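I have placed the structure first, in the form of structure tokens, so that the comments after it can refer back to it.
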Amino acid sequence: MLVNGRHYRTVWMENGKVKMIDQPLLPHRFEIAEMKNHTETTEAIKTMIVRGAGAIGATAGFGMAQAFLNAPENGFDDYVKKAVETLRSTRPTAQNLFYAIDRVLAAAKKESSVKAKRKVAVSEAQRIADEDAESCKRIGEIGEKLLKDSCNISTHCNAGWLAFVDWGTALSPIYAAKRSGKKIFVYVDETRPRCQGARMTAWELLQEGIPHAVIADNATGHYMKAGKMDIVIVGADRIAANGDVANKIGTYSSAVLAKENGIAFYVAALTSTIDLKCESGDKIPIEERGQEEVTHMFGRTEDGKHGKVRIMPEGSQVFNPAFDVTPAKYITGIITEKGIVKANREEINNLFKS
Ligand code: MRU
């Protein structure tokens, strides 16, 4: 994707360092953060300097590569094992995190020498990132066909290029539609508490010159009922074998409202986000995040400084689940890099046959 005319990926690896767009600074500042080793990379995932299903996966892959590169010959296996444990503990819901760690581990396991393990870990991590970008592009080509000229799309959170290595999932069909000359308009849910919609999706759509408006999450039903939205496309952090989808908190409400109002509700996701070992949505672990995301708002103050303000009284209890599960019955279809399937066990299984 282009930022001020220059192509960027969300995350990449260069000379053993993992570089990434520093997402908490957006939309007010565009800076690249640099992680020297797997410990720093792990912390970047945990603190959400990098976030979003695919971007977390690619970063974890690179973090694994750093662990293999830096592991001492004496105690090599223990060093890698500890790195795996800490990386796996960062974001419990994001399936791509586990997918990438397991892929790098499996690739390295096939080699016997330390030198070969280091080499293959780096190349496998790079392959994961490249596949993410290619598959997201393909989701755009496939999903674009669902978008009619002059249609109004609703999206929740950020499943754009910042949430992946490039292109994104839910936003990729929108970028493809724009490039093919269709007129489109996007309603962007603000996505409290971290406001990934207001901060990142709005910023991405501005970079791409796509007409859009940010709305408070609780305005979605109002616009659906008024006939202003033709289709909803959201991303996914994990998809269970039966088609239930975990995605950013608030997705479930949007799906129920879409059904009530007769609006098609699509999930766009890489097949690597599907967890066949997970039978149904109630088995997906839901990350609970810190209270500060709810008690405070972060942003740029009128005098141009960056800061946070408290918006609720001291002493009230706070609950902050980062994701919810949308049951398969609310989902019209899942747009993957291999085609669009119904959210059911049979069609999901078919995606993995040859
Ligand atoms: O907590 P985040 O920002 O890492 O949440 C993940 C997401 O970006 C969304 O749930 C998104 O819609 C899933 S696709 C990247």
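Values below: all heavy atoms of this structure, side chains included; hydrogens, waters and symmetry mates excluded. No experiment lies behind these values; they were computed from the predicted model shown. Atoms within a ligand are numbered from 1 in the order they appear, just like the ligands themselves.
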Would you mind telling me if ligand 1 is within reach of the side chain of A236, the backbone, both or neither, using heavy atoms under 4.0 Å? backbone
Ligand-side contact atoms (ligand 1) for residue partner Q196, heavy atom cut-off under 4.0 Å: 1 (O), 2 (P), 3 (O)
Which bit of N158 is near ligand 1, meaning a heavy atom under 4.0 Å away: side chain, backbone, both or neither? backbone
Taking the inter-plane angle between the rings of F68 and F76 on a 0 to 90° scale, is it parallel (under 30°), tilted (30 to 60°) or perpendicular (over 60°)? tilted
Closest to atom 11 (C) of ligand 1 (judged by heavy-atom distance), picking from T93, N247, T191: N247
So for A53 against ligand 1, with non-hydrogen atoms under 4.0 Å, the contacting part is both
Contacting atoms of ligand 1, where contact means under 4.0 angstrom from a heavy atom of F164: 14 (S), 15 (C)
Tell me the nearest of E293, E287, K248 to atom 5 (O) of ligand 1, using heavy-atom distances. K248
In Å and rounded to the nearest 0.5 Å, what is the CG to NE2 distance from N152 to H212? 14.0 Å
Residue and atom name of the nearest protein heavy atom (relative to atom 4 (O) of ligand 1), distance in Å to one decimal: G52 N, 2.9 Å
Run the numbers for me: atoms of ligand 1, each under 4.0 Å from some heavy atom of M48, listed by number. 1 (O), 2 (P), 3 (O)
For the residue pair V11 and I21, establish whether any side-chain heavy-atom pair is separated by less than 4.5 Å. no
Side chain, backbone, both or neither: which part of R194 comes within less than 4.0 Å of ligand 1 when only heavy atoms are counted? neither
So is D237 polar-close to ligand 1, meaning N/O to N/O under 3.5 Å? yes
Of R199, Q196, E204, the one forming a side chain to side chain donor-acceptor pair (under 3.5 Å) with N158 is E204
Would you kindly confirm whether I274 and Y330 end up in one hydrophobic cluster when ILVMFWY residues are joined by side chain heavy atoms under 4.5 Å apart? no
Which atoms of ligand 1 have any heavy atom of A163 under 4.0 Å away? 15 (C)
Given S272, which partner from the list N96, D132, T336 fulfils the side chain to side chain donor-acceptor pair (under 3.5 Å) test? N96
Can you tell whether the side chains of R103 and E131 come within less than 4.0 Å, N to carboxylate O? yes
Counting from 1, what ligand 1 atoms have a heavy atom of F323 closer than 4.0 Å? 1 (O), 5 (O), 6 (C), 10 (O)
Check: of R289, H156, R51, R91, min heavy-atom distance to atom 1 (O) of ligand 1 comes from R91
Is E144 salt-bridged to K178, going by a charged N under 4.0 Å from an acidic O? no
Between H38 and Y79 (judged by ring centroids, cut-off 6.0 Å), do the two rings come close enough to count as a pair? yes
